[in-house]
Amino acid sequence: MLTLIHAPLSRSGRILWLLEELGAQYDVRYVSIRRWDGSGGPDDDNPHPHKQVPALLHNGTLVTESTAITLYLTDLHPESEFGRPVGHPERGAYLSWLAYYAGVIEPAGTAFISGMTQASPALAKGYQEMCAHVVATLDKQPYLLGDKISGADVMLGGALAWMRKLLSESASVDRYVQRVTSRPALARAREIDSKPDGFHE
Ligand SMILES: N[C@@H](CCC(=O)N[C@@H](CS)C(=O)NCC(=O)O)C(=O)O
């Protein structure tokens, strides 16, 4: 059994979206989290070591970090177009983009949005290199891995839907955001996002 530890309007919304794409059977444990505006607070029902979301429980196993959860879920559903199982020719690219999202895109994008890139030439260079790499990729192909969507697009597309300014201006990126966010599974996930009615299949 899969249980998503979730808070509305947060990073765990992308995992809801992925669960819907996978056609997985899961339930949702709605928890409170500390919010930027000072509201909310840590929830005793949240097994995440930092009381953050998302967290995933699978038959007693706890998985945290959005990209690790994405890989875990797509490995659990090798039939889905969203993963690239071991042995698949795009497995290496899939792992690389998941790790690049968590290790490069999010930190560099956050540095830019918070204004830290204005104070640090090294951070500014890192942000520009990241944007150049992602934009060049999406200039030549519709998804991060090529012609087919993957869990890495759920990470990046979900982040851009929330904050387009993470990446520099680009018509290819605008079309990408439109492409990945027009999926019916995302519309379903948005319905569930703030509806604490428990079980979904
Ligand atoms: N690196 C983590 C970040 C998780 C995270 O920052 N989640 C936010 C919600 S978007 C949270 O739970 N914030 C509450 C807190 O930090 O106490 C991931 O990608 O899963």
Side-chain angles (χ1 to χ4, degrees), residues 1-35 40-88 90-107 109-110 143-145 148-162 180 183 185-186 188-201:
M1 187 59 187
L2 290 166
T3 301
L4 174 66
I5 317 300
H6 170 70
L9 300 174
S10 76
R11 282 174 172 83
S12 54
R14 291 181 299 189
I15 306 300
L16 264 184
W17 171 17
L18 181 62
L19 285 161
E20 285 295 312
E21 295 282 11
L22 296 173
Q25 200 180 52
Y26 65 98
D27 68 23
V28 180
R29 185 188 299 174
Y30 293 82
V31 296
S32 68
I33 53 168
R34 290 169 287 243
R35 302 279 181 176
D43 196 318
D44 287 345
D45 273 345
N46 187 350
H48 192 294
H50 296 183
K51 301 289 181 201
Q52 292 181 327
V53 293
L56 182 77
L57 286 169
H58 180 225
N59 299 333
T61 295
L62 174 65
V63 190
T64 59
E65 289 302 314
S66 300
T67 47
I69 294 171
T70 298
L71 181 63
Y72 189 92
L73 285 173
T74 54
D75 279 358
L76 211 53
H77 291 268
E79 75 290 352
S80 155
E81 62 175 335
F82 279 77
R84 301 294 187 275
V86 173
H88 190 287
E90 291 174 355
R91 175 75 173 181
Y94 183 45
L95 296 183
S96 300
W97 276 109
L98 285 176
Y100 189 80
Y101 175 79
V104 182
I105 297 178
E106 249 199 41
T110 305
Y143 299 105
L144 290 173
L145 297 188
K148 295 208 173 111
I149 196 164
S150 75
D153 296 302
V154 172
M155 290 294 100
L156 180 60
L160 291 171
W162 169 68
V180 297
R183 300 183 62 89
L186 176 55
R188 291 198 299 278
R190 284 178 169 158
E191 279 278 300
I192 298 164
D193 185 56
S194 42
K195 194 169 54 175
D197 65 354
F199 190 75
H200 301 276
E201 71 179 307

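Since we're looking at a predicted model, the values are computed, not measured.
- Applying the side chain to side chain donor-acceptor pair (under 3.5 Å) definition to pairs two or more places apart or across chains, those involving residues 65-82 are His58-Tyr72, Thr74-Tyr94, Asp75-Arg91, His77-Glu79.
- The two residues Ser12 and Val53 have their closest heavy-atom pair at OG-CG2, 3.7 Å.
- The heavy-atom pair separating Ala152 from Trp97 by the smallest distance is CB-CB, 3.9 Å.
- Val180 is listed as a side-chain neighbour of Trp17, based on a closest heavy-atom distance under 4.5 Å.
- Residue His50 places its NE2 atom among 12 or fewer non-hydrogen atoms of other residues, nucleotides or ligands, all under 6.0 Å distant.
- A distance of 9.0 Å separates CD1 of Ile5 from CD1 of Ile69, quoted to the nearest 0.5 Å.
- Heavy-atom minimum distance, Ile33 versus Lys51: CG2-O, 3.8 Å.
- Side chains of Val28 and Leu19 form no contact here, defined as non-hydrogen atoms less than 4.5 Å apart.
- In this structure, His6 and Pro54 have side chains that are not in contact, with every pair of non-hydrogen atoms separated by 4.5 Å or more.
- Rounded to the nearest 0.5 Å, atoms CG (Asp45) and OG (Ser32) are 9.0 Å apart.
- Residues Val154 and Arg14 form a side-chain contact, since some pair of their non-hydrogen atoms from C-beta on lies under 4.5 Å apart.
- In plain terms, the two heavy atoms of Ile149 and Arg84 that are nearest each other are O-NH2, 3.2 Å.
- Atom CD1 of Ile192 is separated from atom CD of Glu20 by 4.0 Å, given to the nearest 0.5 angstrom.
- Taken from CG in Asp27 to CE in Met1, the straight-line distance is 4.0 Å, to the nearest 0.5 Å.
- Interatomic distance, CG of Leu16 versus CZ of Arg190, reported as 11.5 Å (0.5 Å rounding).
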task = Assess whether side chain to side chain contact (heavy atoms under 4.5 Å, CB included) is satisfied between His48 and Val31, documenting all intermediate values.
result = CA-CA 11 Å; His48 192 294; Val31 296; over 6 Å; no
request  = Under the side chain to side chain contact (heavy atoms under 4.5 Å, CB included) rule, what do Leu98 and Met155 come out as? Steps first, then yes or no, please.
outcome  = CA-CA 8 Å; Leu98 285 176; Met155 290 294 100; 4.2 Å; yes
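- Annotation: the span from Ile105 atom CD1 to Tyr100 atom OH amounts to 6.0 Å, rounded to 0.5 Å.
- Pro8 approaches Arg35 most closely through the heavy-atom pair O-NH2, 2.8 Å.
- The closest donor-acceptor contact from the side chain of Asn46 to the backbone of Gln52 lies under 3.5 Å.
- Between Leu22 and Leu76 the shortest side-chain heavy-atom distance does not fall below 4.5 Å.
- Judged purely by atom type and a 3.5 angstrom limit, Asp153 uses its side chain to pair as donor or acceptor with the backbone of Leu144.
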